[in-house]
Trainee: 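Pasting in a structure now, in structure tokens, and then I'll have a few things to ask.
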Amino acid sequence: MDVTLHLAQDPDADALLGRSPLAALTGMLLDQQIPMEWAFRGPETIVRRMGADDLDAHDIAARDPEEFAALLSEKPAVHRYPGSMAKRVQALCQYLVEHYDGDAEAVWRDAGSGAELLKRLEALPGFGRQKAQIFLALLGKQLGVTPKGWREAAGAYGETKSYRSVADITGPESLAKVRAHKQEMKAAAKAAKAKE
């Protein structure tokens with residue numbers, strides 16, 4: 001992996017996301033209940049606080065949970081819920097160590113189909129179906145990972161020019177379109193709930 005992403009809207013954080021499979025997975029994991037730029041800046045913040053050049057699944061998996069939670073809790077915190085997210089990041093890294101020898105890219109490197117890749121992503125701790133489909137769309141649209149059937153497996157997130165998720169963000173203009181789509185979805189859900 002060595003591409004230019006624009007998910008964090010920060011050059012250093014985006015550079016890390018574009019070259020580090022584990023950073024990209026971690027950013028996706030953190031992308032909940034906070035603005036997406038904040039989530040995708042998280043991996044670079046963790047790397048800096050660890051005094052490293054990249055995230056290392058073996059290192060993170062082996063760290064003392066309280067110390068790792070403290071690292072994510074330093075001001076400014078990596079997430080609104082740094083303690084629980086520290087546990088999730090460590091669980092993800094422990095899974096990667098156990099199933100892929102710590103190599104995050106191995107999750108998708110030899111996937112024979114989009115359906116198989118989706119299944120692998122859904123098996124990751126903290127990745128439900130929607131998050132797995134969004135990450136699959138990101139892999140296909142921006143990272144060149146396109147096993148047969150990847151768009152179908154990614155569902156609506158795999159559609160071209162859909163502007164539904166982080167998979168479609170390539171700069172400030174597309175970020176604004178994705179934000180507008182999310183606002184429309186929230187408004188529609190709120191209106192549907194009001195009719196019940």
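On a predicted model such as this, the values are computed, not experimentally measured, just so you know.
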Trainee: Is there a path of hydrophobic side-chain contacts, each under 4.5 Å between heavy atoms of I/L/V/M/F/W/Y residues, joining Trp38 to Leu138?
Mentor: no
Trainee: Thr26 and Ile60: side-chain contact (heavy atoms from CB on, under 4.5 Å), yes or no, with the steps?
Mentor: CA-CA 11 Å; Thr26 301; Ile60 293 170; 6.0 Å; no
Trainee: Is there a side-chain contact (heavy atoms from CB on, under 4.5 Å) between Arg49 and Glu74? Walk through the geometry before answering.
Mentor: CA-CA 9 Å; Arg49 290 180 184 171; Glu74 286 176 29; 3.5 Å; yes
Trainee: How long is the span from the CD1 atom in Ile169 to the NE2 atom in His6, to the nearest 0.5 Å?
Mentor: 11.0 Å
Trainee: So, the side chain of Ser20 versus the backbone of Leu17: is there a donor-acceptor pair under 3.5 Å, distance only?
Mentor: no
Trainee: Closer than 3.5 angstrom, by distance alone: can the side chain of Arg80 be matched with the main-chain N or O of Ile34 as a donor-acceptor pair?
Mentor: no
Trainee: Whether the side chain of Lys177 engages the backbone of Asp168 through a donor-acceptor N/O pair (distance < 3.5 Å, no angle test) should be reported.
Mentor: no
Trainee: If hydrophobic clusters are built from ILVMFWY residues whose side chains come within less than 4.5 Å, do Val78 and Met50 share one?
Mentor: yes
Trainee: Just by distance, do the side chain of Glu116 and the backbone of Gly112 share a donor-acceptor pair under 3.5 Å?
Mentor: yes
Trainee: May I ask you to decide if Gly126's main-chain N or O and Arg88's side chain share a donor-acceptor pair within less than 3.5 Å?
Mentor: no
Trainee: Distance only, no hydrogens: is a donor on one side chain within 3.5 Å (strictly under) of an acceptor on the other, for Tyr157 and Gln130?
Mentor: yes
Trainee: Using 30° and 60° as the class limits, which term best fits the ring planes of Tyr95 and Tyr100: parallel, tilted or perpendicular?
Mentor: tilted
Trainee: Can you measure from CG (Leu92) to CE (Met85) and round to the nearest 0.5 angstrom?
Mentor: 10.0 Å
Trainee: Give a yes or no answer on whether the side chain of Asp14 reaches the backbone of Leu7 with a donor-acceptor pair at less than 3.5 Å.
Mentor: yes
Trainee: Going hydrophobic residue to hydrophobic residue with side-chain gaps under 4.5 angstrom, can you get from Tyr81 over to Leu29?
Mentor: no
Trainee: To the nearest 0.5 angstrom, please state how far the CG atom of Leu175 sits from the CD atom of Gln9.
Mentor: 5.0 Å
Trainee: Would the distance check show the side chain of Asp101 and the main-chain N or O of Asp103 forming a donor-acceptor pair, the cut-off being under 3.5 Å?
Mentor: no
Trainee: Checking the side chain of Lys131 only, and the main-chain atoms of Met28 only, is there a donor and an acceptor separated by less than 3.5 Å?
Mentor: yes
Trainee: So, Trp108 side chain and Val145 main chain: donor-acceptor pair closer than 3.5 Å or not?
Mentor: no
Trainee: Without swapping roles, check the side chain of His79 against the backbone of Gln32 for a donor-acceptor pair under 3.5 Å.
Mentor: yes
Trainee: Would His99 and Arg120 count as a side-chain contact (heavy atoms from CB on, under 4.5 Å) here? Give the steps.
Mentor: CA-CA 10 Å; His99 297 273; Arg120 290 181 185 187; over 6 Å; no
Trainee: Indicate yes or no: does Glu37 engage Arg41 in a salt bridge with an N to O separation below 4.0 Å.
Mentor: no
Trainee: What verdict does the side-chain contact (heavy atoms from CB on, under 4.5 Å) test give for Thr160 and Arg151, after you've listed the backbone C-alpha separation in whole Å, the side-chain angles of each residue and the deciding distance to 0.1 Å?
Mentor: CA-CA 9 Å; Thr160 56; Arg151 284 191 188 274; 3.3 Å; yes
Trainee: Given the rule that I, L, V, M, F, W and Y join up when any side-chain heavy atoms are under 4.5 Å apart, are Val97 and Ile46 in one cluster?
Mentor: no
Trainee: To the nearest 0.5 Å, tell me how far Ser73 OG sits from Glu66 CD.
Mentor: 11.0 Å
Trainee: CG of Leu25 to CZ of Phe135: how many Å apart, nearest 0.5 Å?
Mentor: 4.0 Å
